[in-house]
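The structure follows.
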There are 2 protein chains.
Amino acid sequence: MSSIRQALLSLLAREPLSGYDIKQRMNNRLGPFWKVGSNQVYPELARMEEEGLVALQGIEQHDYRPARKLYEITEAGREAVIRWTTEPGGADQYRDDFLLKAYNSWLVDPERMIEGIREMKKQHEEKLAAYEAKVAELTSQLAGRSVADPLFSSISVVEFGVRYERLYVEWCEELIAKLSRREPE
Amino acid sequence: MSSIRQALLSLLAREPLSGYDIKQRMNNRLGPFWKVGSNQVYPELARMEEEGLVALQGIEQHDYRPARKLYEITEAGREAVIRWTTEPGGADQYRDDFLLKAYNSWLVDPERMIEGIREMKKQHEEKLAAYEAKVAELTSQLAGRSVADPLFSSISVVEFGVRYERLYVEWCEELIAKLSRREPE
DNA sequence: AACCCCATGTAACTTGTTACATGATTAA
DNA sequence: TTAATCATGTAACAAGTTACATGGGGTT
């Protein structure tokens, strides 16, 4: 059930990682695609170690730095991810504050609203550019890979991101067009 | 900050409603677009009444039924929604469990994965049909409305839903195509 | 001098989910 | 008879957010 547990296991199924690594992948690599705090990562790793889903592979100690605890997934852990991945589940509900703001646009001065939409559009354009770059980067690494390589899965996910951001930007443009048609300066 | 508060106020800005009404609108009308439990609605309404954002308009008593408490938004409440709607905010992070499952698709037997994707696709197709019907229904009510009518805002939001579900279905189709190319029965 | 990076973790707080409780009426 | 609808609400739990704590080394 807990989605964070699944997220951690999904990353560890690919390579051994430390708690810090995991946090970085989630918060930076795929942009704000999935954010977590250290409070969620470290205790969850400890719990999963107790349950035998992950195991401490070793501790790296670089002179002055704090110890780096590398975790690897166990066979039980791998089975758990596979079970979760194949088990049927309902579609998640979509939720976005800005849609609620759009729902209130009738209450607000159109010019003001347009400003806000433009700002939101800009943010999604930036994400779009980042995802597009990521797809290009990953695709260039594709040469000579087996068809069962994790890279194929990664690309599909980032491609979703590209489409999503594209949709968002287009929708913003239409909203702006509708509102300006109504209120010609 | 609290998004439920904003959601309640956004609905009450259009018409007086009871807690039960609000729950219905969120959970049924726009499908699982925004789900809430009674535990969130009723206490939040009480809190907002204390703070003067909403006011009890009256209590309906239909013979045997439990009393129905109708709330209306106050001037302070309306100002609060407008303030929130126009204030700048960062893009929400997108989060969907099924994307994480797709990220794990390399781990899993392609045929099994395809089954799961088909099931997910079906669910999104149903949502798509529901949103499309909703857009048609709302559009037919448009005749003779003022350009500042809440209906225009509603349509924009549901249109987002249509596009989103469309994107999701298309992405599922591509995923299936990619996986079957790899594993011809 | 002030801040960011690495790397671990804890504490306090706010949200959201699931289940329960009441109780009459109506539809399967 | 079983379940659903209306209508309010509470209790217990799970998940997520923000802030804090440590501490040396590097960057501006």
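Residue numbers begin at 1 in each chain, while the letters A, B, ... track the order of the sequences.
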(message) Just the rounded figure in Å: distance from P of dT17(C) to CG of Asp97(B).
(response)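 Nearest whole value for this atom pair: 12 Å.
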
(request) Figure out the CD/P separation between Gln6(A) and dG16(D), and round it to whole Å. (result)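 In whole Å, dG16(D) P lies 12 Å from Gln6(A) CD.
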
(request) For Glu49(A) and Ala55(A), work out which heavy atoms get closest and say how close. (result)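 Scanning both residues, the minimum pair turns out to be CG-CA, 4.5 Å.
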
(request) Heavy atoms under 4.0 Å is the rule here; annotate nucleotides 5-11 of chain D 5' to 3' with B where the base is hit, S where only the sugar-phosphate is, and - elsewhere. (result) -BBBBBB

(request) For the helix from dA1(C)-dT28(D) to dA28(C)-dT1(D), measure the angle between the helix axis at one end and the axis at the other, each built from five pairs, rounding to 10°. (result)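 What I find for the helix from dA1(C)-dT28(D) to dA28(C)-dT1(D) is an axis angle of 40°.
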
Taking distance alone, no hydrogens or angles, what donor-acceptor pairs closer than 3.5 Å link side-chain atoms of residues 142-149 of chain B to residues at least two apart or in another chain?
| from | atom 1 | to | atom 2 | distance (Å) |
| --- | --- | --- | --- | --- |
| Arg145(B) | NE | Gln141(B) | O | 3.1 |
| Ser146(B) | OG | Ala148(B) | N | 3.0 |
| Asp149(B) | OD1 | Leu151(B) | N | 2.8 |

(message) Can you list everything that forms a side-chain hydrogen bond (donor to acceptor under 3.5 Å, both in side chains) with Arg47(B)? Sequence neighbours excluded, please.
(response)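 Only Glu44(B) meet the side-chain hydrogen bond (donor to acceptor under 3.5 Å, both in side chains) criterion with Arg47(B).
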
(message) Output the rounded distance in Å from CG (Asp92(B)) to C1' (dG16(C)).
(response)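 For the pair Asp92(B) CG and dG16(C) C1', the rounded distance is 15 Å.
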
(request) List for me each residue that meets side-chain contact (heavy atoms from CB on, under 4.5 Å) alongside Phe98(A), sequence neighbours excluded, and say none if there are none. (result)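 Scan of Phe98(A) (side-chain contact (heavy atoms from CB on, under 4.5 Å), adjacent residues dropped) gives Asp96(A), Lys101(A), Ile117(A), Met120(A), Tyr168(A), Trp171(A).
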
(request) Determine yes or no for a side-chain-to-main-chain donor-acceptor pair under 3.5 angstrom, with Thr74(B) supplying the side chain and Gly52(B) the backbone. (result)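 Pair found, side chain donor or acceptor close to backbone of Gly52(B).
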
(message) Between Thr85(B) and Asn104(A) (side chain of the first, backbone of the second, donor and acceptor by atom type, cut-off under 3.5 Å), is there such a pair?
(response)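 Not at all, since once roles are kept as given, no pair shorter than 3.5 Å links the two residues.
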
(request) For dG16(D), take OP1 and OP2 only and decide whether either is under 4.0 Å from a side-chain N or O of Arg95(B). (result)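 Yes, within the criterion.
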
(request) Applying salt bridge (Lys or Arg N to Asp or Glu O under 4.0 Å), name anything that partners Glu79(B), two or more places apart in sequence or on another chain. (result)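 Scan of Glu79(B) (salt bridge (Lys or Arg N to Asp or Glu O under 4.0 Å), adjacent residues dropped) gives none.
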
(request) Please state how far atom CZ in Arg25(A) lies from atom P in dC6(C), giving the value in whole angstrom units. (result)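 Distance, rounded to whole Å: 12 Å.
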
(message) I need the CD1-P distance between Ile4(B) and dG16(D), as an integer number of Å.
(response)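 In whole Å, dG16(D) P lies 15 Å from Ile4(B) CD1.
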
(message) When you measure from the side chain of Gln93(B) to the backbone of Lys35(A), do you find a donor-acceptor pair of N or O atoms at a distance under 3.5 Å?
(response)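 Checking the backbone N and O of Lys35(A) against the side chain of Gln93(B), a donor-acceptor pair under 3.5 Å is found.
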
